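Because the structure is predicted, anything quoted here is derived from the model rather than measured. Reckoned from all heavy atoms, side chains included, excluding hydrogens, waters and symmetry mates. Lettering follows sequence order; numbering is per chain, from 1.
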2 protein chains.
Amino acid sequence: MAAKPTKQSPIPSVWARPRREADQPTLSRATIVREAVVMLDAEGVEALSMRKLATRLNAGAASLYRHVATKDELMELAVDEVAAETHVPPADSPEWRAAAAEAAGSFRATALRHPWLSSVLGQAGLAYLGPNLMSFSERLAALFTSAGFAKPSGPIDTLLSYVIGMSTTEAAWLITVARSGETEADFIARLMPAAQQAAAVHEHLAEGYADAVSATVDPVALRDEKFAYGLDVVLDGLALRLEA
Amino acid sequence: MAAKPTKQSPIPSVWARPRREADQPTLSRATIVREAVVMLDAEGVEALSMRKLATRLNAGAASLYRHVATKDELMELAVDEVAAETHVPPADSPEWRAAAAEAAGSFRATALRHPWLSSVLGQAGLAYLGPNLMSFSERLAALFTSAGFAKPSGPIDTLLSYVIGMSTTEAAWLITVARSGETEADFIARLMPAAQQAAAVHEHLAEGYADAVSATVDPVALRDEKFAYGLDVVLDGLALRLEA
DNA sequence: CGCTCGATGCGAACGATGTACGCAGAGACA
DNA sequence: TGTCTCTGCGTACATCGTTCGCATCGAGCG
């Protein structure tokens, strides 16, 4: 609605009156959250303001508050919205390790697809009660109990902590890269001198950086590998617990 | 300096002129960062504004920008400031597992002491190059290489990811609790009905919540235990890698 | 001793933000 | 036709991060 009415209210005619526009359905919690996610993906967390979001929806800023109590609440809804993208294999799959690995990878993938997610997860208002995150946990619980763990909360928390921690770090890195406007490889190349200088005092770190400089490989593959390594470590540790 | 001069510049007398106050040394990057940490600890991340911080330092808001380029930069400095509180045992300690566990616990402790840390870590501007965080990594690298790992970056990233993930979750929870003004136990009690209802649809989760309700134990001890479990899992996984 | 100069502090202002208030129109049901 | 509820929104307020230009200070130098 509201196809920008002119400043002064004009002739009070039915025809001049703004008509509900059919293309943009109506303002609703769902449309608001969906558009918020689009904006967050496109411009990051600090570019999302209630006013800009409202403008995108052909609405006034105050209108949003009819469907959403507060911006923080909007954020929680946005988190749960993208949580729907995660995928956990069914519990009856024969190999629990592969299933857990796939669930973990799926979480990481959505966290990297929506890098703002990680910044928001650390914020206060717990979105952990949202239906989609809930069902993610539930499916993990099903997976681990069917795998033989007596109490699945231990494995769940361990796996999720690792995945969240790694994804947060990666997402923060990706945001920084994106902000530079360069490709990841170029950004790394430009950052190396400073990093090396900062690491020069620390013998063990300097060694690692020296390696990194020679390896001009695909940075994406490098991150994938790093994630896989830690994931394997965690799953190994869990497997050990399964035999007792 | 500047003990609030009166609005109109009064009689231009030496005695009326504001004098440098000796008790509050001077405005400097160090004092600013230190006070910022105090405010963050006391009132959380959203309560820290440049104006309020300046007022606390008997200064004008604009003055802060002589020592700090931007608020984001201040935050990075604050992160590195508290990173100095972490502790890693010397590399030559006989038992690398105990040493790694102590380092991890130390990180978690400071993350819980400064719950705003986790929210900021997920934010963009990488503070990972700060000197204190650097030396934390360095000491971890020393520890793991001395333990026998060929390339310490794998274990470091794995361990840190787990610790960061778990601490972030815990800190977010603690912030929510603190905001309620209740004790953690009371808050849990008040939250249980809603959580149970939300979990009711999910059979495996409902089970876990049923457990939690009967266990009216110390919530702090429960969190400690949860952290220790996951930490053991990670260290077991790493130990496995050491034998190959 | 007097002058200059760079460093430091800050009042005021700008644009943007999240949100409260109260009115206006629209559809439902009497 | 009249009333009531729901939805949209113009306006306003307090607060925010940050910039600009000026005032002040102390050190160095002639």
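- The closest side-chain heavy-atom distance from B/M75 to B/L48 is below 4.5 Å.
- No side-chain donor-acceptor contact under 3.5 Å links A/Q123 to the backbone of B/S119.
- Atom CG in B/L74 sits about 15 Å away from atom C1' in D/dC16, given to the nearest Å.
- Applying the side-chain hydrogen bond (donor to acceptor under 3.5 Å, both in side chains) criterion to B/E182, with sequence neighbours excluded, gives B/R190.
- The environment of B/Q197 atom CD is sparse: at most 12 non-hydrogen atoms of other residues, nucleotides or ligands sit within 6.0 angstrom.
- Taking a 4.0 Å limit (strictly below) on heavy-atom distances, residues 60-69 of chain A reaches DNA chain C at A/A62, A/Y65, A/R66.
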Begin from the C-alpha positions of B/R223 and B/E184 and carry the test salt bridge (Lys or Arg N to Asp or Glu O under 4.0 Å) through to its verdict. CA-CA 11 Å; B/R223 283 190 284 104; B/E184 190 172 355; 2.9 Å; yes

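- The pair B/K226-B/E170 does not meet the salt-bridge criterion, since no charged nitrogen lies less than 4.0 angstrom from a carboxylate oxygen.
- Comparing the axis of the opening five pairs of the helix from C/dC1-D/dG30 to C/dA30-D/dT1 with that of the closing five pairs yields an angle of 10°, rounded to 10°.
- The aromatic rings of A/Y162 and A/F227 lie parallel to each other, their planes meeting at an angle below 30°, with 60° marking the opposite boundary.
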Side chains of residues 36-47 of chain B: which donor-acceptor pairs under 3.5 Å do they make with residues two or more places apart or in other chains?
residue: B/D41; atom: OD1; partner: B/H114; partner atom: ND1; Å: 2.7
residue: B/D41; atom: OD1; partner: B/W116; partner atom: NE1; Å: 2.7
residue: B/D41; atom: OD2; partner: B/H114; partner atom: ND1; Å: 2.9

Please tabulate the protein-to-nucleotide N/O contacts below 3.5 Å involving nucleotides 13-17 of chain C, giving atom names and distances.
residue: C/dT17; atom: OP1; partner: A/S49; partner atom: OG; Å: 3.4

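- Residue A/T70 has a polar side-chain atom (N or O) positioned under 4.0 Å from OP1 or OP2 of C/dT19.
- Separating the CG atom of B/N58 from the C1' atom of C/dT8 is a distance of 16 Å, rounded to the nearest angstrom.
- What you find for B/A171 and B/A111 is that their closest heavy atoms are CB-O, 4.4 Å.
- Rounding to whole angstrom units, CZ of residue A/R29 and P of D/dT7 are separated by 12 Å.
- Under the side-chain hydrogen bond (donor to acceptor under 3.5 Å, both in side chains) criterion, A/E102 pairs with A/H87, sequence neighbours left out.
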